[in-house]
Undergrad: 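Before I ask anything, let me first share the structure, which is written out below as structure tokens.
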Amino acid sequence: MRLPCVLLLGLLGLAAGAQAQSVARGQALFESRCVACHSLDANRVGPALRGVVGRTAGKASGYFYSEAMAAATHVWDVPKLKAWLTNPETVVPGQDMNYRLDIPQDRDDVVAYLASVSVPASPSDPSSNPRK
């Protein structure tokens, strides 16, 4: 009985390591391919992307969207972001982003990175309280 538990824990450890590697690779891809138009914290040609996972499409604060994106009602999640990076036009016809990531692993990694920076700060995190 101990051997299956050890194997399971080992596989979980590998999966966690692979996820961390995916996030790190996604950050590198984001920094090399996305920052010409996007930032995590500032609106540029494209909207700021920190917190994009869980946000309603076309609703980033302070960003002026195309009519098509402003009319979008879906919430960005991992599958929707992967579809967007595959072909934005199929997700929101008439949108203005004419860029895609052709390699599935690149999409997976960039979305893993965006998901990792979309987690809200916990209430016990002192940096989440602006009065401190």
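Counting begins at 1 with the first residue of the sequence. Keep in mind that what you see is a predicted model, and the values were worked out from it rather than measured. Computation of the quantities below employed the complete heavy-atom set of this structure, encompassing side-chain atoms and omitting hydrogens, waters and symmetry-equivalent molecules.
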Undergrad: How close do A72 and K59 get, heavy atom to heavy atom, and via which atoms?
TA: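 Here A72 and K59 meet closest at O-NZ, 3.2 Å.
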Undergrad: Parallel, tilted or perpendicular: which describes the rings of W76 and W84, with under 30° parallel and over 60° perpendicular?
TA: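 W76 and W84: perpendicular rings.
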Undergrad: Any sub-3.5 Å donor-acceptor pair from S66's side-chain atoms to Q95's backbone N or O?
TA: no
Undergrad: Does the pair Q27 and V117 meet the rule for a side chain to side chain contact (heavy atoms under 4.5 Å, CB included), with working shown?
TA: CA-CA 10 Å; Q27 180 178 4; V117 297; over 6 Å; no
Undergrad: Side-chain contact test, heavy atoms from C-beta onward, threshold under 4.5 Å: evaluate it for V110 versus R33 and give yes or no.
TA: no
Undergrad: How about L85 and M97: do any of their side-chain heavy atoms sit closer than 4.5 Å?
TA: yes
Undergrad: Looking at every non-hydrogen atom in both residues, tell me the closest pair between R100 and T86 and how far apart they are.
TA: CD-O, 3.3 Å
Undergrad: Could you check if a side-chain atom of K82 sits within less than 4.5 angstrom of a side-chain atom of D108, using non-hydrogen atoms only?
TA: yes
Undergrad: Quick one: does Y113's side chain have a donor or acceptor within less than 3.5 Å of a partner on A28's backbone?
TA: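 No; zero donor-acceptor contacts below 3.5 Å.
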Undergrad: Heavy-atom distance under 4.5 Å between the side chains of K80 and V75, does that happen here?
TA: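 Counting from C-beta outward, K80 and V75 never come under 4.5 Å.
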Undergrad: What's the spacing between L49 CG and S118 OG if we round to 0.5 Å?
TA: 8.0 Å
Undergrad: Drop me the distance from D106's CG to S32's OG, to the nearest 0.5 angstrom.
TA: 8.5 Å
Undergrad: Is the side chain of D109 donor-acceptor paired with the backbone N or O of V23 at a distance under 3.5 Å, no angle test?
TA: no
Undergrad: With rounding to the nearest 0.5 Å, note down the distance linking SG in C34 to CG in L114.
TA: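 With rounding to 0.5 Å, SG (C34) is 7.0 Å from CG (L114).
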Undergrad: Would the distance check show the side chain of N43 and the main-chain N or O of S61 forming a donor-acceptor pair, the cut-off being under 3.5 Å?
TA: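 Answer holds: yes.
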Undergrad: Is any side-chain heavy atom of P47 closer than 4.5 Å to one of H38?
TA: yes
Undergrad: Testing the basics here: between P93 and A68, what is the closest heavy-atom pair and its distance to 0.1 Å?
TA: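 So the minimum-distance heavy-atom pair works out to O-CB, 3.3 Å.
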Undergrad: R44 and V35: which non-hydrogen atoms are nearest, and at how many Å?
TA: NH1-O, 2.7 Å
Undergrad: If you draw a 6.0 Å radius around CD in E31, do more than 12 non-hydrogen atoms from other residues or ligands fall strictly inside?
TA: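 Count over threshold, so yes.
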Undergrad: Please tell me if the side chains of R107 and P104 come closer than 4.5 Å, counting only heavy atoms from C-beta onward.
TA: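 Touching, per the 4.5 Å side-chain cut-off.
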Undergrad: Mind listing the closest non-hydrogen atom pair of V53 and D77 along with its distance?
TA: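 Looks like CG1-CA, 4.4 Å.
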